[in-house]
Amino acid sequence: MTTVAVVGGSGYIGGELLRLLLGHPEVELAAVTSTRLAGRRIDTTHPNLRGHTDLKFVEPDALDKYDAVFLAVAHRTAMRMVPGMVARAGCLVDLSADFRLRDSGVYQRYYDTEHEAPQLLDGFTPGWPERYREQLREADRISVPGCTAMAGMLALYPLAAEGLVEPDVTVDARTGSSGSGAAAGNVNLHAERSGAMRVFAPLRHRHEAEIAQATGLRVRMSATGVEAVRGVQVYCRATAKDNADESTVRQAYRRHYGDEPFVRVVAYRSGGYRYPEPKILSGSNYCDVGFAAEPGQVVAIAALDNLVKGGAGNAVQCLNIRRGWPETTGLGFPGLHPV
Amino acid sequence: MTTVAVVGGSGYIGGELLRLLLGHPEVELAAVTSTRLAGRRIDTTHPNLRGHTDLKFVEPDALDKYDAVFLAVAHRTAMRMVPGMVARAGCLVDLSADFRLRDSGVYQRYYDTEHEAPQLLDGFTPGWPERYREQLREADRISVPGCTAMAGMLALYPLAAEGLVEPDVTVDARTGSSGSGAAAGNVNLHAERSGAMRVFAPLRHRHEAEIAQATGLRVRMSATGVEAVRGVQVYCRATAKDNADESTVRQAYRRHYGDEPFVRVVAYRSGGYRYPEPKILSGSNYCDVGFAAEPGQVVAIAALDNLVKGGAGNAVQCLNIRRGWPETTGLGFPGLHPV
Amino acid sequence: MTTVAVVGGSGYIGGELLRLLLGHPEVELAAVTSTRLAGRRIDTTHPNLRGHTDLKFVEPDALDKYDAVFLAVAHRTAMRMVPGMVARAGCLVDLSADFRLRDSGVYQRYYDTEHEAPQLLDGFTPGWPERYREQLREADRISVPGCTAMAGMLALYPLAAEGLVEPDVTVDARTGSSGSGAAAGNVNLHAERSGAMRVFAPLRHRHEAEIAQATGLRVRMSATGVEAVRGVQVYCRATAKDNADESTVRQAYRRHYGDEPFVRVVAYRSGGYRYPEPKILSGSNYCDVGFAAEPGQVVAIAALDNLVKGGAGNAVQCLNIRRGWPETTGLGFPGLHPV
Amino acid sequence: MTTVAVVGGSGYIGGELLRLLLGHPEVELAAVTSTRLAGRRIDTTHPNLRGHTDLKFVEPDALDKYDAVFLAVAHRTAMRMVPGMVARAGCLVDLSADFRLRDSGVYQRYYDTEHEAPQLLDGFTPGWPERYREQLREADRISVPGCTAMAGMLALYPLAAEGLVEPDVTVDARTGSSGSGAAAGNVNLHAERSGAMRVFAPLRHRHEAEIAQATGLRVRMSATGVEAVRGVQVYCRATAKDNADESTVRQAYRRHYGDEPFVRVVAYRSGGYRYPEPKILSGSNYCDVGFAAEPGQVVAIAALDNLVKGGAGNAVQCLNIRRGWPETTGLGFPGLHPV
Amino acid sequence: MAMELCPSCRGQVVVDGSARASEIVECPECGSVLELVSTNPFALALAPDVAEDWGE
Amino acid sequence: MAMELCPSCRGQVVVDGSARASEIVECPECGSVLELVSTNPFALALAPDVAEDWGE
Ligand SMILES: NC(=O)c1ccc[n+]([C@@H]2O[C@H](COP(=O)([O-])OP(=O)(O)OC[C@H]3O[C@@H](n4cnc5c(N)ncnc54)[C@H](OP(=O)(O)O)[C@@H]3O)[C@@H](O)[C@H]2O)c1
Ligand SMILES: NC(=O)c1ccc[n+]([C@@H]2O[C@H](COP(=O)([O-])OP(=O)(O)OC[C@H]3O[C@@H](n4cnc5c(N)ncnc54)[C@H](OP(=O)(O)O)[C@@H]3O)[C@@H](O)[C@H]2O)c1
Ligand SMILES: NC(=O)c1ccc[n+]([C@@H]2O[C@H](COP(=O)([O-])OP(=O)(O)OC[C@H]3O[C@@H](n4cnc5c(N)ncnc54)[C@H](OP(=O)(O)O)[C@@H]3O)[C@@H](O)[C@H]2O)c1
Ligand SMILES: NC(=O)c1ccc[n+]([C@@H]2O[C@H](COP(=O)([O-])OP(=O)(O)OC[C@H]3O[C@@H](n4cnc5c(N)ncnc54)[C@H](OP(=O)(O)O)[C@@H]3O)[C@@H](O)[C@H]2O)c1
Ligand SMILES: [Zn+2]
Ligand SMILES: [Zn+2]
């Protein structure tokens, strides 16, 4: 069995990692850390795990060595931890923003923080199976993309790679509340957040840097919180190049995703689910991508569960690749309908 | 104009009082206090009031004298404040629990706190227009019932008063999240509270003491938080006495509420709104009461907006009575459909 | 008293007109029609009106003459009705799409229907108080803009009028379920529509034609249904001209809206409500507009309640202007917080 | 492989059966019927199954013979179908109400319909693993309890069996919208049903007959629709016998459920999930049961996903027992948090 | 205009003077759909019910 | 069994060997409802659309 530890297990991404790892046939969840809740049972924080584990949180200092370690802590905390963590982890998978951007200058601009371990940036492989599958087979340091970034990357990469669109694109994200984490404050009090359409980033959403890096496009990104707990949807607009139309776009998506276990092309003629819909993906590792076009404009839409394909599920998919297991191991839940 | 001050204006009840008082033709809102936000604009906390006022919060110490003062602070804080407040207020209206229960022993049992001003209890008139209208015309100290208590009192009083039910009754409340106030903590984070059916009080909900006091019945009360921001519904069961049936119950409600401006009897044969539904009451001062019966059992149902007829609206209705204005003044909003 | 009739009173816009007109001090609601429900009480369909009216629906044929008639029927039905209706209405206010577009060719393209009364198009004044106030004072045929169109028009008109943006703009609308009306089918079943992020129009949303006509811009518009019953928010992107920046944009909005009773500029530094938020506008006639800018791009955001400023409220505001009453008459509800 | 057919596969219970059976390692889903959608792909109706199956609906007449057949059709339809179905099914599992009640007179009273196959009633084994495990090992006709009935039965059976409560109990159910099925009408339109607290059965909810039959208690049951798509919670009150208190109740639950794979006792001292919460059970086959007591009164609470442990999941659990497979086969999803 | 009593809940039902036989009237208190079975004198009876099935 | 191309999106559509003329087949990629206009050889055409009106 592959031994695994989760650092920052009390948060939302941490909890989702625990759910997936406890149900993973090849993995033994050996340790879960929390600074605030050390000594407390995990299922006190994550009630869906009652009956699935008797594990308790431990202090980060109490960590031993493991075949794989997942970091589910906030940015800044991650980069401070990583140098000391690499010795403990056969494979280190970081879910924070700290090792996603190659350029520490861009990181500083978007995160208002100087990078504390820029020398380690090159050592990380993007946790993006659809594009870095080969490299992930041997990667011992993996940096998982942000949730809305992952959706934008999957939606736009084929269009960029095939030269179907001009470089300036816009990405408008719609997101549920769990994307902000469990440590969120007053603005995420239910009475304030419920039923809202809250434009919390009208411009310059941090994930635009990741999408730009991944696709080579010039990305302008916004984000609006809508009523949902899980779920991210990105609506992307691009100027069509040459004769890019729905047919050429569909073919591009087929080529890139036809064999992918976790990306489905969803662009149907009719029905309430004709384009990517996050709610039927809750708990599943799918990213659905769709499109529409009219003369001069291509629209790409993607949806995923921010905690699964936007985070923990994607991380487990990377581990599966690294360890040579079938990529879908432990990630079989298809999503619900109705939901 | 009647000058009015609101103490504890930054909370949910406080905000609702501000909305109603700013729109009240006879009232001049003269001061609003907050300990945390003194000096800040009111509309920073209550964005629906943008364009309606330029008032800022002031320290409680900065209060002068007013024709009426509304206390919208937490229990315990209220009873500490009241002795010093009576001199400043022509009419003092308290929305906390501190002066609702005649018996300070009962108060101690339910609120785990010794009453600090029991000698003042007798001086308060219940803020219950439907039953204390005459007394309210002259009342200078008014204690407004709790939100779920008000619903239960309106549902059960006619049944008790007319001897239609045996003394043991159960009241099961369903409530939205604003009933917990703006200072609520982690459990009311949107990702935790959204879509929940949270039994937060399986027994001994505090408001059962108020309903028992109001009706003379022996009340067992529970409360479950459901997905809503505003709204309370109580589902009450009682054993029918003699031949109490739907017809006798309807007549009892007609007698008690036929002329009431803010209580409607809602028990229809069919339709999605055949029984009291909180969501169409949001923002309105209505309490809708309904019923059903089968041999041996009478069911009474009531719904209201916890911040309006369950609090601030009821308080304003009491002020209207005290000042001799038409009781509906400033309380004309009917509620929305669809909503 | 001004006598008023509502045609198509059983739908959502119809119901909202009834609520506003019943509460309007200058108006006597004389007749309400429904083909399906003639003879039935209005409050059976609109339960929030219980206790406010004993009116019943009547057949459209039973209409007499009235000072004002509001048409709240579907498009196509409206244009068939209008020729016969003009004789019955001192002032005819149509809320359908049929008389919004000057060019019947554009209408045909977007609505897939040949216009049946194109000769009447010129006789309609846009129901857009902020721009057509003077004309509305004398208008006897008024066509009220679509809900998302109104939001887009209010957001973009100042930018277009002041030459702050290039002509190509995109508008991405987020909308609640009531925008689809009461006659919607299976896709709007609660279990399907709840919690969704449904891109129902990835391109070519019908209202783009209205916004283009209103502003002279070239508009590409999409629409996504999110979890809400009422509420529309538009997120608009434009390329900045010259040195348009946040300061010049704010000044433009101030000039256009500083004196408007129902448009507020909402672009604050911080807080959960720093940009336009539909939920606090539910039931109110406000449209809040906001903005953000970075070099080369201007973002404009607007929010409103689709049934109020996006429909019935706007219609009543137009009637107020036509009849020479204070424009805010019957439209005083400010919106709720929390909600 | 065990061949399986699902009759009535286009509905909500049908769709959930398809999800579970497609993911079941021992089962081959051979046929799925629909009268309205014969010839159409299953994933057109159940978008979460895209990529999981290319099956199409077939006419019920087109059915062959199968090791197991699940009936997911409405009541009345089921009892008409069953006589002709028994020859096609090695094991016939009915999810309708038609074969749950032993007494066809009780059936008639609650369902307003004369039973058309009362001679078959005795041949059905209750689809209630926790109590009929031994009989289910050999059962070839299984009748799965109703969703809220299952919750009530699991909550109350131990109390009744151990003589801890008096016979008169009340059960108040709170339910999401999927319990009404996909064929629901106007009252379940999103704009009407969203955010509601709709008492659709103030008394005499049909499932009270099943709970009474299962426990020997005299049950009075109500049901209120709240905002959720999946999820049922029952809040049950009973009069304590002798010295039944929280300790004796907990022990009774331990004895009955300590070894049960799908029933957890959830009654904690504190936290937002201290009592059974449906939302963390969405998609899982758990029923969580909890309790509270005060002198004279015992409260029992249970929660489950109406489509899983309240229907399709329970049906699959019964099939697992019948076929001698581990009872948890294909039912491993634990539920999500946050959700 | 006449004031009649609803046969279901005995609430007051306003019957318009010009109402014709078999016209439908709703009781404002209980919502029962009533039929005017006679006009001289006025008499109301419950109109046949459309069954509502809420689902489970 | 034959593999045909969807006339709308050119996706692969599986046509069962026993399929009869005018039978309806759905394209798994774009959801178009297609009609088998001929069986020898197989040919698919878009079936007449049922218009969807989403409301405003
Ligand atoms: N949420 C998403 O959708 C998502 C998706 C992809 C990646 N990520 C990334 O993954 C990382 C973790 O994100 P997250 O959403 O899991 O954040 P989170 O829920 O806020 O948890 C992060 C850490 O915050 C602490 N924490 C949790 N609850 C708290 C509370 N109530 N009060 C104070 N501190 C609390 C915990 O550390 P202690 O227990 O040690 O105190 C926890 O490990 C971040 O770097 C984020 O950018 C998030
Ligand atoms: N909510 C209801 O439905 C309801 C109904 C009827 C009666 N009541 C009663 O009315 C009173 C007020 O209730 P409420 O719901 O308005 O409570 P609340 O929102 O919690 O406000 C109460 C006080 O708490 C402080 N506060 C507000 N937000 C805070 C935050 N984020 N952090 C810390 N402190 C904060 C404020 O005082 P400072 O600004 O001075 O800090 C405020 O005056 C209570 O006695 C309650 O029992 C409530
Ligand atoms: N909804 C919005 O946000 C909005 C905003 C601005 C403008 N508008 C426009 O205003 C007009 C009315 O819109 P709406 O939203 O009020 O539409 P709606 O609710 O669908 O009502 C329109 C008409 O449809 C019929 N109807 C209502 N419920 C029905 C049902 N359950 N089954 C069958 N027919 C039913 C009614 O006519 P009968 O009673 O005669 O059968 C009603 O007058 C449209 O032209 C729309 O474009 C809508
Ligand atoms: N929903 C629950 O929570 C639940 C739980 C336990 C047991 N049950 C029981 O399981 C059975 C099925 O319940 P269900 O919730 O799955 O019901 P449902 O969704 O209404 O489906 C039942 C049948 O109705 C037809 N149908 C589906 N959608 C329709 C539409 N839009 N218009 C018209 N007809 C439509 C379908 O038959 P065709 O495709 O042949 O037309 C389908 O097989 C019932 O006996 C119920 O009592 C339900
Ligand atoms: Zn009646
Ligand atoms: Zn196709």
Side-chain angles (χ1 to χ4, degrees), chain A residues 168 170 172 174-176 185-204 220 222 224-235 237 239 267 270-280 282 290-294 296-301 303 337-339, chain C residues 168 170 172 174-176 185-204 220 222 224-235 237 239 267 270-280 282 290-294 296-301 303 337-339:
Chain A
D168 287 290
T170 59
D172 296 309
R174 300 87 185 260
T175 161
N186 264 0
V187 285
N188 267 7
L189 199 61
H190 180 270
E192 308 292 344
R193 181 66 176 78
S194 178
M197 295 187 214
R198 176 188 293 171
V199 179
F200 63 87
L203 300 162
R204 285 187 295 275
R220 295 191 194 256
S222 76
T224 301
V226 297
E227 172 55 40
V229 172
R230 294 180 177 233
V232 151
Q233 182 187 63
V234 293
Y235 177 92
R237 285 184 182 266
T239 303
S270 62
Y273 299 90
R274 60 183 297 218
Y275 292 110
E277 166 62 64
K279 76 167 180 157
I280 60 168
S282 267
F291 58 87
E294 55 176 352
Q297 178 123 138
V298 172
V299 162
I301 301 160
H337 171 266
V339 65
Chain C
D168 287 291
T170 60
D172 295 310
R174 301 85 186 259
T175 161
N186 263 1
V187 284
N188 267 7
L189 200 60
H190 180 270
E192 307 293 342
R193 181 66 176 80
S194 179
M197 294 187 214
R198 176 188 293 170
V199 179
F200 64 88
L203 299 163
R204 285 187 294 276
R220 294 190 195 257
S222 75
T224 301
V226 297
E227 172 55 41
V229 172
R230 294 180 176 232
V232 150
Q233 182 186 63
V234 292
Y235 175 92
R237 287 184 182 266
T239 303
S270 62
Y273 300 89
R274 60 182 298 218
Y275 292 110
E277 166 61 65
K279 75 167 181 159
I280 61 167
S282 268
F291 58 88
E294 55 177 352
Q297 180 123 139
V298 173
V299 162
I301 301 160
H337 172 265
V339 64

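Residue numbers begin at 1 in each chain, while the letters A, B, ... track the order of the sequences. Just so we're clear, the structure is a prediction, and the values are computed from it rather than from any experiment.
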Best-contacting candidate, A:N188, A:N186, A:V187, A:V226, against chain C by heavy atom pairs under 4.5 angstrom: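 Among the listed options, the one with the most contacts to chain C is A:V226.
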Which of A:G176, A:G225, A:A292, A:A196 touches chain C most, by non-hydrogen pairs under 4.5 Å: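 When all of A:G176, A:G225, A:A292, A:A196 are compared, A:A196 has the most.
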Which atoms form the tightest heavy-atom contact between [X] and [Y], and what is the distance?
X	Y	result
C:M197	A:Q233	O-NE2, 2.8 Å
C:E277	A:G195	OE2-O, 4.3 Å
A:Y275	C:V199	CD1-O, 3.3 Å
A:P202	C:Y235	O-OH, 2.6 Å

Side chain, backbone, both or neither of C:F291 within contact of chain A (heavy atoms, under 4.5 Å):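 When you check distances to chain A, no heavy atom of C:F291 falls under 4.5 Å.
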Side-chain donor/acceptor of A:K279 to backbone N/O of C:E192, under 3.5 Å: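 At least one qualifying donor-acceptor pair exists.
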By a 4.5 Å heavy-atom criterion (distance strictly below it), what part of [X] contacts chain C: side chain, backbone, both, or neither?
X	answer
A:V299	side chain
A:V229	neither
A:A191	both
A:R220	both
A:A293	backbone

Sub-4.5 Å side-chain heavy-atom contact between A:D172 and C:R237: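 A side-chain contact exists here, since the closest heavy-atom pair is under 4.5 Å.
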Reported OG1-to-CD1 distance for the pair A:T224 and C:I301, which is rounded to 0.5 angstrom: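 Reported to 0.5 Å precision, the distance equals 7.0 Å.
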C:R174: salt bridge (charged side-chain N to carboxylate O under 4.0 Å, His left out) partners, not counting sequence neighbours: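 Residues passing salt bridge (charged side-chain N to carboxylate O under 4.0 Å, His left out) with C:R174: none at all.
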Short N-O contact, C:R204 and A:E294, less than 4.0 angstrom: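 Yes, this pair counts.
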Mind ranking [options] by heavy-atom pairs under 4.5 Å with chain A and telling me who comes out on top?
options	answer
C:A303, C:P278, C:A228	C:P278
C:P276, C:P338, C:G290, C:S222	C:S222
C:Q297, C:E227, C:R274	C:Q297

